[in-house]
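Residue numbers begin at 1 in each chain, while the letters A, B, ... track the order of the sequences. We use all heavy atoms of the structure for the numbers below, so side chains are in, but hydrogens, waters and symmetry mates are not.
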2 protein chains.
Amino acid sequence: MPNLNSAATGTIPSATATDTDTTPSSNNGASDKDPSPAKEPLRAKVGLRPKATTILDVAARASVSHQTVSRVLNDHPAVAPATRSRVLAAMRDLDYRPNAAARHLAGRRGHTVGVLVYGVSYFGPTQMLASVEQAARARGYSVTVIFVHNLTVQGIEEGVRALRAGRVDGIIMITPLHQVEASRHHEILDDVPYVLVDAEPMPDRAVVAIDQFAGGRAAAQHIALLGHRRIAVLRGPDEWYDATSRYQGTISLLAQRRLLPVLTLSGDWTAASGYQVTCDALAQGAAFTALIAANDQMAVGAMRAIQETGKVVPTDVSVIGFDDLPESAYFNPPLTTVRQDFRALGAASLERLIDLIETPQQNPPSSVLVPTLMVRSSTAAPPKE
Amino acid sequence: MPNLNSAATGTIPSATATDTDTTPSSNNGASDKDPSPAKEPLRAKVGLRPKATTILDVAARASVSHQTVSRVLNDHPAVAPATRSRVLAAMRDLDYRPNAAARHLAGRRGHTVGVLVYGVSYFGPTQMLASVEQAARARGYSVTVIFVHNLTVQGIEEGVRALRAGRVDGIIMITPLHQVEASRHHEILDDVPYVLVDAEPMPDRAVVAIDQFAGGRAAAQHIALLGHRRIAVLRGPDEWYDATSRYQGTISLLAQRRLLPVLTLSGDWTAASGYQVTCDALAQGAAFTALIAANDQMAVGAMRAIQETGKVVPTDVSVIGFDDLPESAYFNPPLTTVRQDFRALGAASLERLIDLIETPQQNPPSSVLVPTLMVRSSTAAPPKE
DNA sequence: AGCTGTGGTCCGTCGTCAGAT
DNA sequence: GATCTGACGACGGACCACAGC
């Protein structure tokens, strides 16, 4: 028997009942395409509190108990199909939206993942964040983000603390620290499921990464095959796993061909740093026919520095980068680079995290994506001597 | 609000689960061993869930009532300083973290702001997002982000819906649509406080923007003052407020000097589009000595196209952009551009939103930041004829 | 009067458990 | 025996009224 239905929302003492019709502006008489008005909730805009439609309103509308509504919400098996669809219809009619906070409090999960990001100005982290969000939304999760401003254990710890205060179900760490530092994550993160992105694969940790070592090899191989022998390497910051891993890959391939970098420079990922260190090196008379930069921004800076000395890329010096920014194909000259699929990486990390959250006690293998070489016009055979 | 950042790090705080010694059977005399009897809220006997430290634990530790703890948490005035610090100490000792979900449910606010972002690949939105987050954290709010993948009313509506489902206290819209479209936001957003970022200033709406019109004028003025008369303009997408506003500013200044663009092109912000349309124009024999691009990426593409025809920037053609990417100073040649302070914009928008949330019923004036011209090497006087 | 404790309700949802059909 | 209902107690905290020292 349907109990007190009627004005499911009728509370709100005073308030304007239904008189809001003739207001001068706004209006917009047509109400979308829904021909069945049914029970228009229609918040009073004067009222202070939004007064949400709850599970009880839905129950009343569908003439079921709130418990049944709850079951529908949670995909409980014991609900007759007919009832289920009645409930769903009621939810639609009332524009019901479950209260995330209440669910979170009562149930165990909040359907929220936290993402810790370092490096806003860099292309990769941003792309990953976006694809994580996209994937999360598809899975019914929302994303809380924290940008870490200094890549230290302390800075990360602070960010994690903030995320945990928000009670996220799990955390994705786009903070490419090294194993040593990363091992400390475990203490901080305690019992929260987490995934390390683009970090060093470690046993007992969920890591999703791009094979930077292979990338470093690919870049070096490309340069070596062109015939270069006087090769400079421009590294990224030592604290970054990506940076050292790429470097090692590069060195590894060169060694295999009995080559050694004639020069090793080190920047902070920015074009400014690439420019600066390359300028310095050139000023000191460094001679190289190819430069392997750890990312595209530094490559740009390096090219600029080289060009300022009157040399031509790639005729005099070849330059190769990493990442493949959307602009990289349009630099002058278009930049040869090693492309990373950041979006795939982000999506994969989210899937891994959801696995951890929803199927606890597992130990998923770290997964690794392979980067691809994009040959453009900033590399060529070395000049004849 | 009290500072909950604990530096405690004591090993495993919060009542380790008594670590049942060896034999699980017998013993356990059931003799109440709890030194602080107080209230024992009857935890689940089957230890499935993690059990959190609550306000009650803190109260017990500080020998005060839960009410007092609550007062401390909410900055209620009527708490003696001595008591307050005792409570704070207790919170620190216990590594207490307020349960966001519970606060949200009980109180009205969840201390969460939603950010709707369009344009991941673009520099500006990302920067703004990061600075919003930073500012939010400083104010005790966390940030939930949604990336919109197609800039239509529908796409935005979808994003807003997702944010509202997460029960955010307010929304920052980094979705630079035009007034026409933006007016629809009001329906969608209903009663949620929101701020439009980098959108057209409108009465009755909170808007925080950069004065793109002024930026457009600045760019045009720079070009005009160099003596150019055959000027091409490369616009951004029409749907973007930034794009049209910059364009209008440019036109406005040119008109003032009795000039008209000899050519108007239109791209989608990407370097690829800038390259493409410029190539096409040049192939058709377009002749111009300067090009005003609506952003730096398109400027890069345009420069590339120009350079491929054998012309030199800026000797033959000057190019100016907008934004000032971190790389822009290192392009070949270094790009003259109009710089926008995205970080300031983000921070300002957050402050505005918090105002709206915490002091409802106000109508804050839209605030506007002014961009600055950065003169570098991609612009020069036109070639002598 | 200035501080603190007691006792209570409420927020919206999830679980459980005994019954009803 | 499937499918539901109704009642009640968590969950962790906000906020209110009132009383007490």
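- Closest to the side chain of B:Asn74, from the set D:dC15, C:dG15, D:dA10, is D:dC15.
- What separates CZ of A:Arg97 from C1' of C:dT13 is a distance of 17 Å, to the nearest Å.
- Side-chain contact check for A:Asp75 versus A:Arg84: some heavy-atom pair is nearer than 4.5 Å.
- For C:dC14, one of the phosphate oxygens OP1 or OP2 lies less than 4.0 angstrom from a side-chain nitrogen or oxygen of A:Arg103.
- The interatomic distance linking B:Arg167 (CZ) with C:dC11 (C1') rounds to 11 Å, in whole Å.
- Checking B:His76 against B:Leu105, the closest nucleotide of DNA chain C that is more toward the 5' end is the one next to B:His76.
- For the pair B:Leu56 CG and C:dG5 P, the computed distance is 13 Å after rounding to whole Å.
- Comparing C:dG5, C:dT13, C:dG12 against the side chain of B:Val64 picks out C:dG5 as the nearest.
- The phosphate of C:dC14 (OP1 or OP2) has a side-chain N or O of A:Ser70 nearer than 4.0 angstrom.
- In this structure, B:Ala101 and A:Arg71 both approach DNA chain D, and ranking their closest nucleotides by distance from the 5' end singles out A:Arg71.
- Note on B:His104: nothing from the nucleic acid sits closer than 4.0 angstrom, heavy atoms only.
- In this structure, the nucleotide among D:dG13, C:dG5, C:dT13 sitting nearest to the side chain of B:Thr54 is D:dG13.
- Contact annotation: the side chain of B:Phe147 approaches that of A:Leu129 to within less than 4.5 Å [non-hydrogen atoms, C-beta and beyond].
- Using a 4.0 Å heavy-atom distance criterion, B:Val69 is classed as making no nucleic acid contact.
- Atom CD1 of B:Ile55 is separated from atom C1' of D:dG12 by 8 Å (rounded to the nearest Å).
- Taking atom CG of B:Leu94 as the reference point, atom P of D:dG13 lies 12 Å away to the nearest angstrom.
- Donor-acceptor pairing under 3.5 Å, judged by distance alone, is absent between the side chain of A:Gln67 and the base of D:dG6.
- Place B:Pro81 and B:Ala106 on DNA chain C by their nearest nucleotides, and B:Pro81 ends up nearer the 5' end.
- In this structure, the side chains of B:Met91 and B:Leu73 come closer than 4.5 Å at one or more pairs of heavy atoms.
- For the pair A:Val132 and A:Ser349, the tightest heavy-atom approach, listed with the atom from each and the gap, is CG2-OG, 3.7 Å.
- Across D:dC15, C:dG5, D:dG6, the shortest atom-to-atom separation from the side chain of B:Ser65 is found for C:dG5.
- Counting heavy atoms from C-beta outward, A:Asp95 and A:Thr53 have side chains that stay 4.5 Å or more apart.
- Regarding A:Leu73, its CG atom lies at a distance of 11 Å from the P atom of C:dG15, rounded to whole Å.
- Proximity of A:Thr68 to the phosphate of D:dT5: a side-chain N or O atom is located under 4.0 Å from OP1 or OP2.
- Regarding B:Arg86, its CZ atom lies at a distance of 14 Å from the P atom of C:dC3, rounded to whole Å.
- Looking at the side chain of B:His66, the nearest of the listed nucleotides D:dG13, D:dC15, C:dT13 is D:dC15.
- A 4.5 Å side-chain heavy-atom check between B:Arg167 and B:Leu105 finds every atom pair outside the cut-off.
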